[in-house]
**Student:** 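Questions regarding the structure given below will be posed in turn.
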Amino acid sequence: QPQLVESGGGLVHPGGSLRLACRTSGITLDYYHIGWFHQAPGKEREGLSCITPFDGSTSYADSVKDRFTISRDSAENTVYLQMNSLKAEDTGVYYCAAKETLATTLENMCEIGGDYWGSGTQVTVSS
């Protein structure tokens, strides 16, 4: 049974940084798109960044371009999200998701989400 476990959330001041980790088991990263999604308080979940195994292509939402970087470590079955220059509006729960590459494109996965989800990690940006 595939499992995704997020970690690395916490409380950070505006302008600070965090690195989130999505550790996967029961899947082989080489066959899955992996994405990070954000749900702000009272709002719907939105896709932030996704990565594909084929050539390491990535996609980013406009709100996080130039601030967030997604990367993966196949040997560790882990996908990371480096978040810099954090803002108050980045507060919320961060989820990672996985979807088989044969099932959709990278861009579509970042819009609709995955077949497997983690339970999320809380990020609070506050002074």
Side-chain angles (χ1 to χ4, degrees):
Q1 182 71 14
Q3 285 192 322
L4 287 75
V5 179
E6 302 92 339
S7 63
L11 173 64
V12 63
H13 293 310
S17 298
L18 284 174
R19 189 176 80 153
L20 306 184
C22 172
R23 289 176 173 77
T24 70
S25 59
I27 65 171
T28 302
L29 281 188
D30 288 348
Y31 302 112
Y32 284 82
H33 301 305
I34 303 293
W36 282 98
F37 297 78
H38 170 235
Q39 187 163 23
K43 295 190 177 180
E44 292 188 357
R45 190 162 52 192
E46 61 172 351
L48 292 181
S49 182
C50 295
I51 189 167
T52 188
F54 299 127
D55 56 4
S57 293
T58 57
S59 69
Y60 293 93
D62 288 343
S63 60
V64 302
K65 275 180 185 176
D66 301 324
R67 297 192 299 126
F68 292 7
T69 303
I70 191 170
S71 62
R72 68 186 190 119
D73 184 335
S74 295
E76 296 292 329
N77 288 327
T78 300
V79 174
Y80 299 96
L81 186 68
Q82 177 67 42
M83 306 189 297
N84 300 326
S85 302
L86 283 162
K87 306 174 182 179
E89 51 263 44
D90 295 321
T91 293
V93 181
Y94 285 72
Y95 301 90
C96 64
K99 194 170 185 70
E100 285 189 80
T101 57
L102 292 177
T104 190
T105 64
L106 179 68
E107 291 73 20
N108 195 47
M109 193 258 182
C110 242
E111 289 184 14
I112 65 172
D115 295 324
Y116 306 106
W117 292 85
S119 59
T121 185
Q122 174 71 40
V123 171
T124 302
V125 185
S126 175
S127 55

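This chain uses plain numbering: 1 for the first residue, then up along the sequence. The structure displayed is predicted, hence computed values, not measured ones.
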**Student:** Please walk me through it: do Asp30 and Arg72 pass salt bridge (Lys or Arg N to Asp or Glu O under 4.0 Å)?
**Tutor:** CA-CA 10 Å; Asp30 288 348; Arg72 68 186 190 119; 3.7 Å; yes

**Student:** Please round to the nearest 0.5 Å and tell me the distance separating atom OG of Ser59 and atom CD1 of Ile51.
**Tutor:**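 It is 9.5 Å, given to the nearest 0.5 Å.
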
**Student:** With a 4.5 Å cut-off on side-chain heavy-atom distances among I, L, V, M, F, W and Y, is there a chain of contacts connecting Phe37 to Leu86?
**Tutor:**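 In one cluster: no.
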
**Student:** Is there side-chain contact between Tyr31 and Glu100, with heavy atoms separated by less than 4.5 Å?
**Tutor:**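 The answer is no, as the side chains (C-beta and beyond) never meet within the 4.5 Å cut-off.
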
**Student:** Report the C-alpha distance between Lys65 and Asp62 in whole Å, list the side-chain angles of each, state the deciding distance to 0.1 Å, and finish with yes or no for salt bridge (Lys or Arg N to Asp or Glu O under 4.0 Å).
**Tutor:** CA-CA 5 Å; Lys65 275 180 185 176; Asp62 288 343; 3.3 Å; yes

**Student:** Are Thr121 and Leu20 close enough that some pair of their side-chain heavy atoms sits under 4.5 Å apart?
**Tutor:**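 Of all side-chain heavy-atom pairs linking Leu20 with Thr121, at least one is under 4.5 Å.
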
**Student:** Under 3.5 Å, is there a donor-acceptor pair between the side chain of His13 and the main chain of Ser126?
**Tutor:**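 Confirmed, His13 side chain pairs with Ser126 backbone.
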
**Student:** Between the main-chain N or O of Thr105 and the side-chain N or O of Asn108, is there a donor-acceptor pair closer than 3.5 Å?
**Tutor:**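 Flag not set: sc Asn108 to bb Thr105 has no pair under 3.5 Å.
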
**Student:** Where is the tightest heavy-atom contact between Ala103 and Lys99, given as atom of each residue plus distance?
**Tutor:**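 In this case the closest contact between Ala103 and Lys99 is CB-CE, 4.1 Å.
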
**Student:** For the backbone of Val5 and the side chain of Arg23, can you confirm whether one donor and one acceptor N or O come within less than 3.5 Å of each other?
**Tutor:**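 The answer is no, because no donor-acceptor pair under 3.5 Å joins these two groups.
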
**Student:** Supply the atom-to-atom distance Glu46 CD to Cys110 SG, rounded to the nearest 0.5 angstrom.
**Tutor:**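 Rounded to the nearest 0.5 Å, the CD-SG separation comes to 10.0 Å.
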
**Student:** Find out whether Met83 and Ser17 are in side-chain contact, i.e. whether some heavy atom of one side chain is under 4.5 Å from a heavy atom of the other.
**Tutor:**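 No, their side chains stay 4.5 Å or more apart.
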
**Student:** Hey, does the side chain of His38 reach the backbone of Gly47 with a donor-acceptor pair shorter than 3.5 angstrom?
**Tutor:**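 No, His38 side chain to Gly47 backbone: no donor-acceptor pair under 3.5 Å.
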
**Student:** Evaluate Leu11 against Gln122 for side-chain contact (heavy atoms from CB on, under 4.5 Å), listing each step before the verdict.
**Tutor:** CA-CA 8 Å; Leu11 173 64; Gln122 174 71 40; over 6 Å; no

**Student:** Under the side-chain contact (heavy atoms from CB on, under 4.5 Å) rule, what do Arg45 and Trp117 come out as? Steps first, then yes or no, please.
**Tutor:** CA-CA 12 Å; Arg45 190 162 52 192; Trp117 292 85; 3.7 Å; yes

**Student:** Under a single-linkage definition using a 4.5 Å side-chain heavy-atom cutoff for Ile, Leu, Val, Met, Phe, Trp and Tyr, are Val123 and Val64 assigned to the same hydrophobic cluster?
**Tutor:**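 Hydrophobic grouping puts Val123 with Val64.
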
**Student:** Does Leu81 share a hydrophobic cluster with Tyr116, counting links as ILVMFWY side-chain heavy atoms below 4.5 Å and allowing steps through other members?
**Tutor:**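 Same cluster: Leu81 reaches Tyr116 through Ile, Leu, Val, Met, Phe, Trp or Tyr contacts under 4.5 Å.
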
**Student:** Work out which heavy atom in Ala21 is nearest to a heavy atom in Thr78; give both atom names and the distance.
**Tutor:**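 In this case the closest contact between Ala21 and Thr78 is CB-CG2, 4.1 Å.
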
**Student:** Between Arg67 and Asp90, is any pair of side-chain heavy atoms under 4.5 Å apart?
**Tutor:**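 Of all side-chain heavy-atom pairs linking Asp90 with Arg67, at least one is under 4.5 Å.
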
**Student:** Would you check, one step at a time, whether the test side-chain contact (heavy atoms from CB on, under 4.5 Å) holds for His33 with Thr104?
**Tutor:** CA-CA 9 Å; His33 301 305; Thr104 190; 4.0 Å; yes

**Student:** Any donor-acceptor pair under 3.5 Å linking the side chain of Glu6 with the backbone of Gly120?
**Tutor:**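 Yes: the side chain of Glu6 pairs with the backbone of Gly120.
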
**Student:** Tell me, do Thr24 and Val79 make a side-chain contact under 4.5 Å, heavy atoms counted?
**Tutor:**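 SC-SC contact between Thr24 and Val79 ruled out.
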
**Student:** Rounded to the nearest 0.5 Å, what separates atom CH2 in Trp36 from atom OG in Ser49?
**Tutor:**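 Spacing of CH2 (Trp36) from OG (Ser49) equals 10.0 Å.
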
**Student:** For Cys50 and Gly35, work out which heavy atoms get closest and say how close.
**Tutor:**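 Taking Cys50 first and Gly35 second, the nearest heavy atoms are SG-CA, 3.6 Å.
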
**Student:** With no hydrogens and no angle check, is any side-chain donor or acceptor of Gln39 less than 3.5 Å from a backbone partner on Lys43?
**Tutor:**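 Judged by distance alone, yes, a pair lies under 3.5 Å.
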
**Student:** To the nearest 0.5 Å, what is the distance between CG (Leu29) and OH (Tyr32)?
**Tutor:**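 If we round to the nearest 0.5 Å, Leu29:CG and Tyr32:OH are 10.0 Å apart.
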
**Student:** First locate atom OG1 of Thr52, then atom CD1 of Ile34, and finally report the distance between them rounded to the nearest 0.5 Å.
**Tutor:**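 So the OG1 of Thr52 and the CD1 of Ile34 are separated by 9.5 Å.
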
**Student:** Just say parallel, tilted or perpendicular for the rings of Phe68 and Tyr94, cut-offs at 30° and 60°.
**Tutor:**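 Ring orientation, 0 to 90° scale: tilted.
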
**Student:** Using the rule given for side-chain contact (heavy atoms from CB on, under 4.5 Å), can you reason through Met109 versus Thr101, listing the C-alpha separation, both sets of side-chain angles and the distance that settles it, and then say yes or no?
**Tutor:** CA-CA 9 Å; Met109 193 258 182; Thr101 57; over 6 Å; no

**Student:** Any chance you could measure Ile70, atom CD1, to Tyr60, atom OH, to the nearest 0.5 Å?
**Tutor:**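 One finds 6.5 Å between CD1 of Ile70 and OH of Tyr60.
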
